[in-house]
Amino acid sequence: MKAKHLSPDNLNERRLQAVRLRLDGHTVAEVATRTGLSAPTVSAAWRAFREGGWEAVPVRPRGRKVGQAARLDAAAQQVLGECLRELPESPEPAWSSRALADALKDAGHEVSPRAIDHWLEAHDLKPEPMALEALERKRGQTGRWYRQQVAPVLKEVGKVGGSLWQGGVRIARPTQQAAVEAKPERPRYQLYLHGKRGVLYTRVLTTPPMVDDYLALFQRLLDQAEGKPVALVFHGAWFQAVPEIGRWLEWNPSFRLLPWPALGEACDRR
Amino acid sequence: MAHSSDMIAGDIEGYLKSHEHKGLLRFITCGSVDDGKSTLIGRLLFESKLLFEDQLAAIEADSKKWGTQGGEMDFALLVDGLAAEREQGITIDVAYRFFSTDKRKFIVADTPGHEQYTRNMVTGASTADAAILMVDARQGILPQTRRHSFLMSLIGMRHIVVAINKMDLVEYSKDRFDEIVEEYREFAKQLGLEDITFIPMSALKGDNVIEHGHHMPWYHGPTLMAYLETVEVDEERLQRQPFRMPVQWVNRPNLDFRGFTGMIASGSIKPGDAIRVQPSGQSSTIKQIYTFDGDLDEAIAGQSVTLLLEDEIDISRGDVISGVDQPAEIADQFETSLVWMHDEPLLPGRPYLMKLGTQTMSATVTDIKYQVNVNTLEHTAAKQLDLNGIGVCTLSLNKAVAFDPYKENADTGGFILIDRMTNNTVGAGMLHFALRRSQNIHMQHVDIDKQARALSKAQQPAVLWFTGLSGAGKSTIANLVEKKLHAAGQHTYLLDGDNVRHGLNRDLGFTDADRVENIRRVGEVAKLMVDSGLIVLTAFISPFRSERQMARDLVEEGEFIEIFIDTPLNVAEDRDPKGLYKKARRGELKNFTGIDSDYEAPENPEIHIKTTEMSSDEAADAIVEMLRKRQLIS
Amino acid sequence: MTSLTHLQKLEAESIQIMREVVAETENPVMLYSVGKDSAVMLHLARKAFAPAPPPFPLLHVDTRWKFRAMYEFRDKMAEETGMDLIVHINPEGIEKDINPFDHGSAIHTDVMKTEGLKQALDKYGFDAAFGGARRDEEKSRAKERVFSFRTAQHRWDPKNQRPELWRLFNTRKHKGESIRVFPLSNWTELDIWQYIYLQNIPIVPLYYSAERPVVERDGTLIMVDDERMPLEPGEVPMMRKVRFRTLGCYPLTGAIESEADTLPAIIQEMLLTKTSERQGRVIDNDSAASMEKKKQEGYF
């Protein structure tokens, strides 16, 4: 049973159990299997324990309405918005919830990464990772693209211990309730990345991202890899039209950009 | 009401399925500027949700600028068109609007109520299945209502709704409604209008337009929309009529396929049905009803089809394919109603082109029996019909055609007249009945024909038609030419003002209508003389191109030689042999060509003589030389 | 008794009009814009003259700035119908490299489309040209005749148009004059879509939603269809799920964000949508009277 559907009591019981098992020396994966919680939830419970002791492990009662993120007052939201527009000071390629929580803390707003996750979700800023592996067996153009263009590169990069990323650019469409809250409402262009365990890194801009935004992202991914190759499956940008991107890729052959294909126009769709 | 949004959102395929089977109704709205016609149409469009937000925004903006509803949404602005008109605040022309409900698609012909636009209303009504006559409940039946009703009866409108509007302004009074109904019924009887429905309504407030509302519990009839969704479409009536299909185009892509295409005007047809081709009268049987989507087992009125016949018979565009049991009548002279649609008046005797179904021929109004005053319905005598004039006339064609009386079939009984020179559509008419049956008056067969007579004279018969201003030298030169031809042994005759105006045409004056008739008679006489083998010379001003064309059309190709005696007006006026120009300048002579009546110079005369460049004798020589070149004389 | 549906009647009427033109004019042509209305018009022409191909050529007045998918589709349709395809591009426009970016939409449209059309009609001596315009498209079109007369200079005189009664069309004209004929006058946008759906008529794929590279210009989504589209410094086009409600020159035609990738979905979207079809045309953002002016200049 997935943790999402547990009652708060049941969930908190399992979180406490997960911490106990961690203290007993079990790995995250083992704990996850035994408690039925997801790996990130186990990690989160463990982190909460290390930072705030047993008291910090249980989550607060859930069931808040979407968009009413706890403790995110207008001022905090403003700081959040400003952060997301820029690159983080850390070398991370974009903002994780944790990094955002830290930045808010520095600005005097005590907000948990969880609350930030909620806020992101409420503002349609938490895209799911693409189910790339599922494409392996898919028929048609997308499946062919994955098998021929993507899978070999991922394999090659993975073999030498390089990092595998996926991400994209999209337009966030908040639910109406959240939109009312987040004035002034302008289109939000979101750059997002999903790392190994599906952790989200993101930036949110008020205009479509420019070449420099993309290149900064690429450069940080490359820097982080410390000489190892990087593969990035990317959806939602038409890099073919931009020569600067091509030149950068030529200079950085260990960066393997795998843009999602523009599917050919099928004439008959009936 | 119209498009159920739930179904669109929930089950679009089901929605499309149900809308495949909608019918189509065309109707016309008649009314004056103030009785709420535009408001009604605007409301129908609005209620059927066929307006988009950007259109609504434009109208709201317009409502502030032009609106008459004090800033409230002015539906009337939805239906105003051209920018120039918008500024005048009245509509002039026929506008077509579209809306649809679950049952039918509607095409609305919106026409102005203004008096001088009879032509627009007749145009709009010609394709309509039903008419909505708007009456302001406060005003009751106005002269305008009568006028519009008359036009509807003229065009043969089968279903009429009298929408008694603005009931809100007479306190929704049943008595007032009954009073108007009574008055209208009395009047409609004179016109012979039959299917009339009366609906009390308020277009502004919406009562009895789509919903009944609760202001008039005493009214139990249909709402306007309910009426429009169920009234019989004319095509259903036409399906019960005998089969007719005017042939539009013969499709012959290869030797094995010979299809006769057209839209079925009435009745229905199946393979194996016996048909007759009219006017030729040949018979055959339907072999196949071909369409792009496959052969049909049956085709009905309103469909565009391609028919293949069992026998190879000669059929061309303009012929009518009819059911063999009830064929169309054939005639070349008719009594007809005529609505004049152009600034240039209708002149009896002038030949026009007539388009009836898919055939085009020459037609002449031989007599205006009477003109109808649209306001009083009185019959008055008339020598011509002006713009928006309506008359009952006799019409003569240059060949016999297949037709049905208009009241039975608009497609085989309705026609337009076209001016031969300007190509404008100048009139529309409705055939009543044939004046005599052409099948009874086969041309008298004569053994001695033109050829035989010409042969005995050893000459080529022809008309030498001299035209030019008064004083140009027509008669002088024509006389000289005749002398020279006579000297060469040709048999000639000269027709001019002197020998015609004093006898044959002594009943004619100098109005445009009389001038036309004058030339028509001269043309006919010249034709007879050509038939008798003579070379005819005519010397008349004959100022109008269309009459010269008429005279040309009377004889055969190559027999008509137009000779333009070209003398500039100032030169002719200087010569003034009969002192006529001086009189005209003093105002003693009316309608004098060149002074206060136009001379339309020939565009392509066979012979062009410039009298300022040669003497009369030289001109005559030149003409004779040209006739020789044309091998008219040896 | 059977009764005809509204689409059957509209079809029969359009076919009657086309046959009338072929029977009565000397040198007709069909203006083929590659859009959905053209698709329906072409389909009706095939029906009108089957089993022969329509006895007139297709004329595409090209601006060089149409979507690539339109060119592909156009050539495919010409081949499939067996009709001659005449493509005319205003040579003056090529010489001066008239384009929507440097010259603006008004001049581009005027030179390439309006002038180009007049040139082509003059060059080939066409005396009648079928166009796909409909009366429901715009308020000033409501009064347009089915047969619209143009002077030898291609001007449209709103005061001098002929009344059209019953099914009788007066096609007579003087030398040099020409007629624009609109067989789809009485069709609405919904009729067009419904007919395409029922008759399985092929249309350019751009009408269906798909991920396409777009940039934003003044709030309008413009597709980057080829390398001629100038990008702002540093700009990267985004892939967005869009489709087109109307097709023209790609730099002048706005895309809408949409998920509609089947015909029923397109019809559904059209019925539920809140803006009229021509909103997507950049050239229309002038006053309502501008369309009328265009008409007088011979744009249609």
Side-chain angles (χ1 to χ4, degrees), chain A residues 124 127 130 140-142 145 167-173 185-192 203-218 232-249 257-270, chain C residues 39 67-77 80 196-217 219 221-244 247 257 259-266:
Chain A
D124 184 35
M130 292 174 268
Q141 282 174 294
T142 329
W145 165 72
V169 59
R170 59 189 286 277
I171 292 176
R173 298 183 196 287
E185 190 50 41
R186 295 170 70 184
R188 292 157 177 271
Y189 300 87
Q190 182 182 29
L191 277 167
Y192 61 95
R203 282 183 67 196
V204 181
L205 310 173
T206 52
T207 53
M210 305 290 276
V211 168
D212 289 348
D213 297 311
Y214 289 104
L215 290 182
L217 196 78
F218 297 170
L232 171 62
V233 178
F234 200 86
H235 176 267
W238 185 246
F239 293 126
Q240 285 90 322
V242 191
E244 289 98 314
I245 302 273
R247 279 199 293 275
W248 187 90
L249 289 172
L257 180 63
L258 300 159
W260 197 270
L263 298 179
E265 304 271 11
C267 269
D268 189 16
R269 284 172 197 249
R270 262 170 278 258
Chain C
F67 292 91
R68 281 176 306 161
M70 291 172 73
Y71 293 118
E72 285 164 24
F73 185 85
R74 176 194 72 188
D75 296 344
K76 199 186 88 176
M77 286 314 291
E80 196 178 311
I196 288 172
Y197 178 58
L198 279 176
Q199 301 269 321
N200 250 339
I201 300 172
I203 51 170
V204 184
L206 293 164
Y207 285 113
Y208 298 99
S209 172
E211 281 206 340
R212 300 189 169 95
V214 294
V215 293
E216 294 181 22
R217 294 284 182 270
L221 293 179
I222 300 294
M223 178 167 161
V224 181
D225 194 53
D226 61 32
E227 67 294 339
R228 293 177 299 175
M229 174 83 199
L231 300 179
E232 309 285 329
E235 188 176 34
V236 181
M238 275 177 72
M239 297 295 293
R240 289 162 76 167
K241 221 166 171 219
V242 294
R243 65 179 204 89
F244 297 87
L247 295 177
E257 303 219 63
E259 295 292 326
D261 54 8
T262 63
L263 273 173
I266 288 172

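Naming: A, B, ... by sequence-line order, numbering from 1 per chain. In this text the structure is predicted, and so the values were computed from the model without any measurement.
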Supply the atom-to-atom distance [X] [atom1] to [Y] [atom2], rounded to the nearest 0.5 angstrom.
| X | Y | atom1 | atom2 | value |
| --- | --- | --- | --- | --- |
| C:Glu211 | A:Trp260 | CD | CH2 | 8.5 Å |
| A:Phe234 | C:Met239 | CZ | CE | 12.0 Å |
| A:Ile171 | C:Glu257 | CD1 | CD | 5.0 Å |

Original post:
For A:Val242, is it the side chain, the backbone, both or neither that has a heavy atom under 4.5 Å from a heavy atom of chain C?
Top reply: side chain
Subject >> salt bridge (charged side-chain N to carboxylate O under 4.0 Å, His left out) partners of residues 204-215 of chain A, not counting sequence neighbours, each pair once >> reply: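 For residues 204-215 of chain A, and leaving out neighbouring residues, the salt bridge (charged side-chain N to carboxylate O under 4.0 Å, His left out) pairs sorted by first residue read A:Arg203-A:Asp213.
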Original post:
Mind checking which of residues 229-236 of chain C sit less than 4.5 Å from chain A, heavy atom to heavy atom?
Top reply: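 Listed by number, the contacting residues are C:Leu231, C:Pro233, C:Gly234, C:Glu235, C:Val236.
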